[in-house]
Amino acid sequence: MTVLKTSLRNFVAHKGRMVLSAVAVLLSVAFVCGTLVFTDTMNTTFDKLFASTASDVTVSAKTDENAQQTGKAPTIPEATAARLEKLDGVEKAQADVFDERVTLVDDQGNNLSPDTGAPTIASDWGAEEDSVMELVSGHAPRGPTEVIVDADTADRKKLEIGDAVKVISFRGTTEAEITGIAKFTATNPGAALVFFDRPTAQEKLLGSTDLVSQVLLTAADGVTDEQLKKDVIAELGGGFEVRTKDEAADSAADEVGGFLDFMKYALLGFAGISVLVGIFLIVNTFSMLVAQRTREIGLMRAIGASRKQVNRSVLTEALLLGLVGSLLGIGAGIGIAIALMELMGLVGMNLDTSDLTVKATTPLIGLVLGVVVTVVAAYLPARRAGKVSPMAALRDAGTPADGRAGRVRAVAGLVLTAIGAAGLVLAARADEAGEGAQFLSLGIVFSLIGFVVIGPLLAGVVVRAISVVVLRLFGPVGRMAERNALRNPRRTGATAAALMIGLALVAGLSVVGSSMVASAEEQLDKSVGADFIVGSDTGQLITPEAEQAVKDTPGLAHVTDYKFARVELSTPDGKKTETGLSAADPTYAEDLRVETVAGELSAAYGEDALSVPEDFAKDHGIELGDTVTADFTGGKSAELEVAAITTQDTSVDQGAMYVNIATVERYLPEGKMPANTMMFGKAEEGKADQAYAALKDSLKDYPQYKVRDQADYKETLRDQIGQLLNMVYGLLALAIIVAVLGVVNTLALSVVERTREIGLLRAIGLSRRQLRRMIRLESVVIALFGAGLGLGLGMAWGASTQQLLALEGLGVLDIPWPTIITVFFGSALVGLIAALVPAFRAGRMNVLNAIATE
């Protein structure tokens, strides 16, 4: 009880010093809890949507995972609905028509589909839609030129009743007028919806009024979904996909589950980084508090307190800090989740706060995380406090340095760093990606731990080097700032390590991202011979109308179709592999210059011929001239001769197997031929600019497709990787904020620790301005020390990763020096800002009171 009272008294007495550590715990817990609440809410939203739209039993066309990408929606006969309505146990059978591969544009050709990558779904307005949507204005479609659009799309794209739109499906373009606007009764997670009347939907989306997409069955009273499913299968036999309500909802949830899981674990990963950085802050805080309370601890020991009691006293303070920070963090996490929901709403994914899901495990996880992290971080300072000798504590104002412990730490740090460096070197020299990835992980982990452990040893060298360039310019004040930073290398190392972690990740990812762009650009310059590339950024197949528009464009010497044909290959080693063949016109050999290790690529476009990549040939014992059996999905079997073996040393179309489209046409019926995924064009000599403009004009009515020349394509690559890196940097910002709090806390506690010294400096003539400058310079040098270590370590990680990815075609190492230099000097600014409050407080100290402080 005495230990608890002492801990409570100390916690309250030093609450100001605990604030920043509590903020670190709060931020870490808030990020974790916010991520869990946000992803749980998204799961709840999708589950409610899928449950509200799923019928007791759904009957649809049976699909093959290796099916050809024809672009046409799967269908079943409309008569199936009438047939099933007569089945015992069926109360109602409702036919449904939809196509998830459409594009909605206005009469000016502007794309009205979501910008988020969510689908645009065209459907028929019927009983099923009426049950999950409410017509808020206008009326239902009454003919082939009338449509309803969803309210979210109307609001986002400023659409009104009477506006003209075009619906582009794989079967053609339909011009219509908006006659109604409907709102979801459940949350719309971001899709755009457009509705026709039934006959128009069947004709325009499916190609026949005798076809539907699926039949939705409502079970009669007393009939279970499982029983009805069995009866339907018995009635229809094979060729249909029959699912219960739960199975349909689970299937739909699985389609988005991978994305949600990736988002969840990615965000938790960044939260983990901030937790790791927060540990350094807490360790530093308690180490300094223990050092400042050495006399107090000595008195406690002198009057009978045991080592265990002193240890428990410090750990109890940490427990209180963890509890306070965690409870506040849980509340802040819910706020972060709501903010993320609002952010998603701005980009088109509407999440209703009424679906906010806070599972019982979420606050428990946050509480346990915050408390455990804080107590574990405070353990070493608490253990150090318990070892203080009563007499030594009464004699000294601080704990003496342990020279032996410092030597052990230095040796351990050097060993760990050496192991990490060896791992990075082995990863860079690996011959196989899997083996190299293991060495890379080993190298990153051990080099990071090694730098953290060896930080105090490096502080003496690096801080002096930085000081020569930065601090010596400020005369005696600069030299005092240098000595203050070197006074306690362990503290300086721990403070810098927190900043080092975040910046190491920034530098590593920058190197990898920049190398990806440079490698891709080199490959484009070396390999791509086509002047123009036509395709969709969202993976939409090219419709026949758009395909013809490209081919009719004047000024093109040739146009190349590029398709993806699904097959099952039987190789000479007796193995079967489901894969895809890159089916293209022979001109593709000019559009993409692919090097071969055997044979000529042009030979792969001969009759019943193909090429295989080098690794595939090695894995299956294939040599030039061998024959493989290709079973085309939905078509016939073919014996194809291996006419070329392509190199793996590329990042463009790596691993592709090339075949002539004419070969595919011989073995697939017309209705099963895959659609173009991309098209390539070559301009006539001297007409590149005119052909580029003409091609863009030809596709102005098809905004889902982009026309890019090589310069455009490079710019797109840079933008895509840049956006990804900016998102990652934004998430890493939390860890860097926590690290900055560590610098602030270290300086604030250091000012308290040096109160008497500051008073003496002021008494012998140091001005307030000089004092503040000294503290700011100390902060700057610590920040630059952390930045130097982090950026150097990150560049080593990035270079090793690039060398490993060179096995996959990432052959160019590019160090983004502007980014590295900006981050380094930006760290000086961060250090300057972090010192503002501690420097201000130091300057306001009363000189006499400071000198009198014990």
Side-chain angles (χ1 to χ4, degrees), residues 519-537 539-565 581-596 599-607 609-611 643-644 646-647 650-654 656-665 673-718 809:
S519 299
E521 289 182 350
E522 182 190 64
Q523 286 291 332
L524 283 170
D525 291 335
K526 183 173 70 174
S527 303
V528 178
D531 292 321
F532 313 114
I533 302 171
V534 178
S536 167
D537 290 341
Q540 287 179 284
L541 302 174
I542 299 177
T543 66
E545 290 175 310
E547 178 184 325
Q548 193 58 48
V550 172
K551 292 179 178 179
D552 291 341
T553 301
L556 294 177
H558 74 248
V559 173
T560 302
D561 290 330
Y562 185 93
K563 306 175 185 289
F564 202 63
L581 303 181
S582 296
D585 295 320
T587 49
Y588 190 60
E590 302 173 37
D591 295 329
L592 184 68
R593 298 182 288 269
V594 178
E595 295 181 6
T596 60
E600 296 293 332
L601 186 61
S602 58
Y605 294 99
E607 184 175 347
L610 85 162
S611 72
T646 56
T647 180
T650 180
S651 59
V652 179
D653 254 9
Q654 188 185 65
M657 300 182 187
Y658 298 112
V659 66
N660 195 329
I661 286 178
T663 297
V664 177
E665 288 175 339
M673 273 298 294
N676 281 338
T677 58
M678 287 190 294
M679 297 181 73
F680 299 84
K682 184 76 174 177
E684 294 176 355
E685 189 69 31
K687 295 184 178 180
D689 291 341
Q690 298 93 315
Y692 182 51
L695 196 51
K696 280 183 171 290
D697 187 63
S698 296
L699 290 174
K700 65 182 179 181
D701 292 330
Y702 306 95
Q704 69 269 42
Y705 307 120
K706 303 296 182 185
V707 178
R708 294 187 175 97
D709 59 14
Q710 290 195 30
D712 293 335
Y713 207 80
K714 291 177 183 178
E715 186 64 31
T716 300
L717 284 172
R718 285 192 288 268

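Please read all numbers here as calculations on a predicted model, not as lab measurements. FYI, the numbering just counts along the sequence from 1.
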Heavy-atom closest pair (R593 atom, D525 atom, distance to 0.1 Å) is NH2-O, 3.6 Å
Item checked: Side-chain touch L541/N676, heavy atoms, less than 4.5 angstrom -> no
Between the OH atom in Y588 and the CE atom in M678, the distance rounded to the nearest 0.5 Å is 5.5 Å
Side chain to side chain contact (heavy atoms under 4.5 Å, CB included) filter on Q523, not counting sequence neighbours, yields K526, S527, T650, S651, V652
All heavy atoms of V707 vs all of K696, minimum pair found to be O-NZ, 3.6 Å
Rounded to the nearest 0.5 angstrom, the CD1-CD distance for I542 and Q704 is 9.5 Å
Take atom CD in E600; do more than 12 heavy atoms of anything else shown fall under 6.0 Å from it? no
Here the gap from D653 atom CG to T646 atom OG1, rounded to the nearest 0.5 Å, amounts to 9.0 Å
Sorted by chain and residue number, the side chain to side chain donor-acceptor pair (under 3.5 Å) partners of S602 (sequence neighbours excluded) come out as none
| task | Using a strict 4.0 Å threshold on nitrogen-to-oxygen distance, state whether D531 and K687 make a salt bridge. | result | no
Residue set satisfying side chain to side chain contact (heavy atoms under 4.5 Å, CB included) with A530, at least two apart, ordered chain then number -> V528, D591, F680
Report task. Just do the side-chain contact (heavy atoms from CB on, under 4.5 Å) check on M673 and V664 with the steps written out, would you? Result -> CA-CA 8 Å; M673 273 298 294; V664 177; 3.8 Å; yes
Nearest heavy-atom contact between A688 and A683 is CA-CB, 3.7 Å
One should read off an interatomic distance between Y605 OH and Y658 OH, to the nearest 0.5 angstrom, of 6.0 Å
| said: Keeping N660 on the side-chain end and A662 on the backbone end, is there a donor-acceptor pair under 3.5 Å? | reply: yes
task: Could you check if a side-chain atom of L717 sits within less than 4.5 angstrom of a side-chain atom of L524, using non-hydrogen atoms only?
output: yes
Residues passing the side chain to side chain contact (heavy atoms under 4.5 Å, CB included) test with S519, sequence neighbours excluded, are L810, V812
When every non-hydrogen atom of A643 is compared with those of A609, the smallest separation belongs to CB-CB, 4.0 Å
Q) Do the non-hydrogen side-chain atoms of S611 and L601 ever get within less than 4.5 Å of each other? A) yes
Looking only at heavy atoms, the pair that brings L699 and A549 closest together is CD2-CB, 4.4 Å
Value for OH (Y713) from NZ (K706), rounded to nearest 0.5 Å, stands at 14.0 Å
By side chain to side chain donor-acceptor pair (under 3.5 Å), D709 pairs with (sequence neighbours left out) none
Check: Heavy-atom distance under 4.5 Å between the side chains of Y705 and V550, does that happen here?
Finding: no
* To do: Using modelled atom types only, decide if a donor and an acceptor are shared between the side chain of K563 and the backbone of I661 within a distance under 3.5 Å.
  => no
Worksheet item: Between K682 and L556, does a side-chain contact (heavy atoms from CB on, under 4.5 Å) hold up when you go through it step by step?
Response: CA-CA 6 Å; K682 184 76 174 177; L556 294 177; over 6 Å; no
| field | Test item: Y692 and D712 side chains (from C-beta on) under 4.5 Å apart, heavy atoms | value | yes
E595 meets the side chain to side chain contact (heavy atoms under 4.5 Å, CB included) criterion, sequence neighbours left out, with T647
NZ of K551 to OG1 of T560, rounded to nearest 0.5 Å, is 9.5 Å
